[in-house]
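Below is one structure, written out as structure tokens; comments come after it.
In this chain, numbering begins with 1 at the start of the sequence shown. Everything numeric here is computed off the predicted structure, so don't read it as measured data.
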Amino acid sequence: MLVRDNMTPYPKTLYANNTLKEAAKLFAKYKINGAPVVDEHGEIRGLLTSSHFVKIIAGDESFDQTVEAVMLRHVITIAPDSTLEDAYHIPVSCLPVISADNKIVGILTKRDCLKAFRSSADHATNEIEAFIRSAHNGIVVINAYGIITTYNDAAARLIGTPPEKAIGRPIEDILPDSRLKSVLTTGLSERGCHLMVNGQLVFSNRSPIFAEARIVGALAIIQDTSELADVARQLSRTQHHVEALENIFESARQGFVVVDENGIITQVNKSYEEIFNINREDLIGHPAEESIEGTKLHIVAQTGIPELGVIQNYKGRQVIVNRLPIFKDGKAIGAIGEIMFKDITEVNYLLERLNTLEKQVTQYKTELGQVRQEPSRAEFTFADIVGSSRAIVQAKNLAVKAARNDSNVLILGESGTGKELFSHAIHNASQRSKMPFIAVNCAAIPSELLESELFGYEEGSFTGAKKGGKKGKFELADRGTLFLDEIGDMPLSMQAKILRAIQDKSFDPVGGNKTCISDVRIIAATNKNLALMVSQQTFREDLYYRLNVLLIKVPALRERKEDIGELLLRLLPNICNDLGVQPKEFAPEAMGLLRQHSWPGNIRELENILEQLAATIDNRLITPQHLMHTNFAANFGETGRTVDQNILPPGLNERDKIVETLKYAGNNKVMTAKLLGWHRSTLYEKMKRYNLK
């Protein structure tokens, strides 16, 4: 939360020569407790508060004296882009808000801060209450004295007691066998327990609720076992789907043969039998290498590398085949061979068709190249920059300031932190937002083509030059913004020409003799240390200072791990929607692992892991066990992380520490060894010593 969103804007002000009587009338008329004292230029010179009037009345002083005689002269002020938390800790009751040019733009009181904090807390409480009300499973919460404090409609449906008759009652009166009081005593969670409720068997998970290190309550989540019947029905539908797929496999025109990870043939369809005049009984159970002439299916099953459109000689015939690996949990478990064409002569007609289509495509490309492309537009705004940590808020605040003026901007940050996102947001919030936004990746364009790409070229300027010439990025971005990404990779030879274009706002197209004028705002970005490159003479010093007018450092994800929850809420639903899979959410243990990771690949790495999980995990709830089957497991190990002691109960001996860490890692021993900072063999030795399985 920022000061500018919660302050009273443009407050009533006084002049130093106003009398206290005039000031008192102002305070009474507008019901205020303080007013800044300004000069004729609107700059703050002091502060008068209601406490000054109390002192004047107590001292029986005259109200005809001037404000200047009693006002507070050394005034503590704050900027509108400061956080509300910073403002609240300043020990004054009335805080003037000052702009960069020392003009009063607002006033903030302790009451304003408390009102904002209360509003935020109420919003969070409402969200939690809405979640509890809408939860499918029953939720029952007791306080430290065993009194029910939370009891949702799902719990009422299962237990048979309405919320109004349950809340405020002892838990043993409503749910005698809940064992929640036992959880209060032991402080240990109990999961997957059976419980008889209202004459029916239910599952129950029970956990203690901590406030710092003290147990203040306990929570029970209750699930109706009748839902398992729905699972059985779903399993039946799945079986029908399997049978349908088997029918498709058997009825396909193409010949199919399937092998397992050892290259043993497991399935053959009818078309394969007909194409090669062989019975499947003579193939199934035998090694493909020995049974099928010229096959490499066993190699594809081992390597996981597909082979497409391969010509295979079989009993004097040339057939065209595809060999595709079959994966499960990221590991190749077999391969499938597909006979695309049982004879190579079948391809001739398709080749003739392809030649005809190729000619048509060439013609369409030529016509499309003549169509004038509209300048690009920036897609993202500051609302798309997710996070409320101090690091990202500071970067966003600086970017907002950058958007208000027309100076060049240099954005620094590691790969995958969202530097381009900031450039889009700055453009869309600037006075150039209606004009073009043109992005150029300086590292992706060959150095010999970079000049013509940036400045354009005239007709006939070089071999292969397009008729009529081509506009460069500077010309396309005229009156708009030019984003130079990876500026640190730009060759020195080009840096001088870029400097001239920025400095003189003019450039010469390649092969042209006419200087062009271009009014562009430059935003540059890089993940390299330009100051070091300047000292090493690999980046021009004058260009560096031309670009580095406003410097924005985008924090790495490891510097703002508290934003991971917000990032998941923004990214994961979109990824699931794009892949057409059900929405997913993270278990607290899995979320804890995400927050321990150092994220060398930043948000791009996080997106990669989320997409892997969405594409491969069928469950709605993502656990630490699921993380082990993504790139996260390998990267987590490389960072040398060990288990965060805050996730383990205090005072554990070595055996209990192993047990708790196994639970935290979903019983995955590889992850457990990494979390404990041990080699896997060390973990197995200790588990054997403590008789753990």
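- Taking the six-membered ring where tryptophan is involved, the planes of Phe437 and Phe483 are essentially parallel, since the angle between them stays under 30° and well short of 60°.
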task: Start with the C-alpha gap between Glu453 and Lys470, add the side-chain angles, then the distance that decides, and say whether salt bridge (charged side-chain N to carboxylate O under 4.0 Å, His left out) holds.
output: CA-CA 9 Å; Glu453 189 70 19; Lys470 178 185 175 183; 3.7 Å; yes
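- The number of heavy atoms from other shown groups lying within 6.0 Å of NE2 (His286) is above 12.
- Put simply, the side chain of Leu297 does not reach to within 4.5 Å of the side chain of Glu289, judged on heavy atoms.
- Glu559 places a side-chain N or O within 3.5 Å of a backbone atom of Ala556 that can act as its donor or acceptor partner.
- Here the side chains of Leu454 and Met490 are in contact, with some heavy-atom distance below 4.5 Å.
- The side-chain heavy atoms of Asp384 and His424, taken from C-beta on, include no pair separated by under 4.5 Å.
- At a cut-off of 3.5 Å, with distance as the only test, no side-chain donor of Thr417 or Asn602 sits close to an acceptor on the other residue.
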query: What's the verdict on side chain to side chain contact (heavy atoms under 4.5 Å, CB included) for Val268 and Asn279, showing C-alpha distance, side-chain angles and the deciding distance?
result: CA-CA 9 Å; Val268 175; Asn279 293 325; over 6 Å; no
Derivation of the salt bridge (charged side-chain N to carboxylate O under 4.0 Å, His left out) call for Lys296 and Glu307: CA-CA 9 Å; Lys296 293 185 180 178; Glu307 296 180 359; 5.2 Å; no
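- Listed for the Asn653 side chain is a donor-acceptor partner under 3.5 Å among the backbone atoms of Arg655.
- Phe586 places a side-chain heavy atom less than 4.5 Å from the side chain of Leu610.
- Residues Asp489 and Lys528 have side chains in contact (heavy-atom distance under 4.5 Å, counting atoms from C-beta outward).
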- request: Please test Gln239 against Glu243 for side chain to side chain contact (heavy atoms under 4.5 Å, CB included), starting from the C-alpha separation and ending with a verdict.
  value: CA-CA 6 Å; Gln239 181 64 32; Glu243 291 174 359; 3.8 Å; yes
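- Looking at heavy atoms from C-beta onward, Asp563 lies in side-chain contact with Ile392 at the 4.5 angstrom threshold.
- Looking at heavy atoms from C-beta onward, Val321 lies out of side-chain contact with Thr295 at the 4.5 angstrom threshold.
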- prompt: Could you go step by step and tell me if Trp678 and Ile658 meet the side chain to side chain contact (heavy atoms under 4.5 Å, CB included) rule?
  reply: CA-CA 11 Å; Trp678 297 341; Ile658 294 173; 3.8 Å; yes
message: Could you go through Ile609 and Trp599, starting from their C-alpha distance and side-chain angles, then the distance that decides it, and tell me whether this counts as side chain to side chain contact (heavy atoms under 4.5 Å, CB included)?
response: CA-CA 11 Å; Ile609 290 170; Trp599 297 107; 3.7 Å; yes
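- Asp260 places a side-chain N or O within donor-acceptor distance of the main-chain N or O of Asn262, the cut-off being under 3.5 Å.
- Without hydrogens or angle criteria, Lys419 side chain to Glu414 main chain gives a donor-acceptor distance under 3.5 Å.
- Residues Pro287 and His298 are not in side-chain contact: their nearest non-hydrogen atoms beyond the backbone lie 4.5 Å or more apart.
- Judged by distance alone, with hydrogens and angles left aside, the side-chain atoms of Asn137 form no donor-acceptor pair with the main-chain N or O of Ala154 at under 3.5 Å.
- Using modelled atom types, one finds a donor on one side chain and an acceptor on the other under 3.5 Å when comparing Ser204 with Arg206.
- Proximity of a side-chain donor or acceptor of Asn205 to a complementary backbone N or O of Ile221 within less than 3.5 Å is not detected.
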- prompt: Taking it one step at a time, do Arg280 and Glu273 satisfy salt bridge (charged side-chain N to carboxylate O under 4.0 Å, His left out)?
  reply: CA-CA 6 Å; Arg280 68 184 71 189; Glu273 290 179 299; 3.0 Å; yes
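- A donor-acceptor pair under 3.5 Å is absent between the side-chain atoms of Lys584 and the main chain of Leu613, judged by distance alone.
- Using modelled atom types, no side-chain atom of Asn322 and backbone atom of Glu338 make a donor-acceptor pair closer than 3.5 Å.
- Although no hydrogens or angles enter the test, the distance criterion places a donor-acceptor pair under 3.5 Å between the side chain of Asn441 and the main chain of Ala443.
- Of the possible donor and acceptor atoms, one in the side chain of Thr266 sits under 3.5 Å from a partner among the backbone N and O of Val258.
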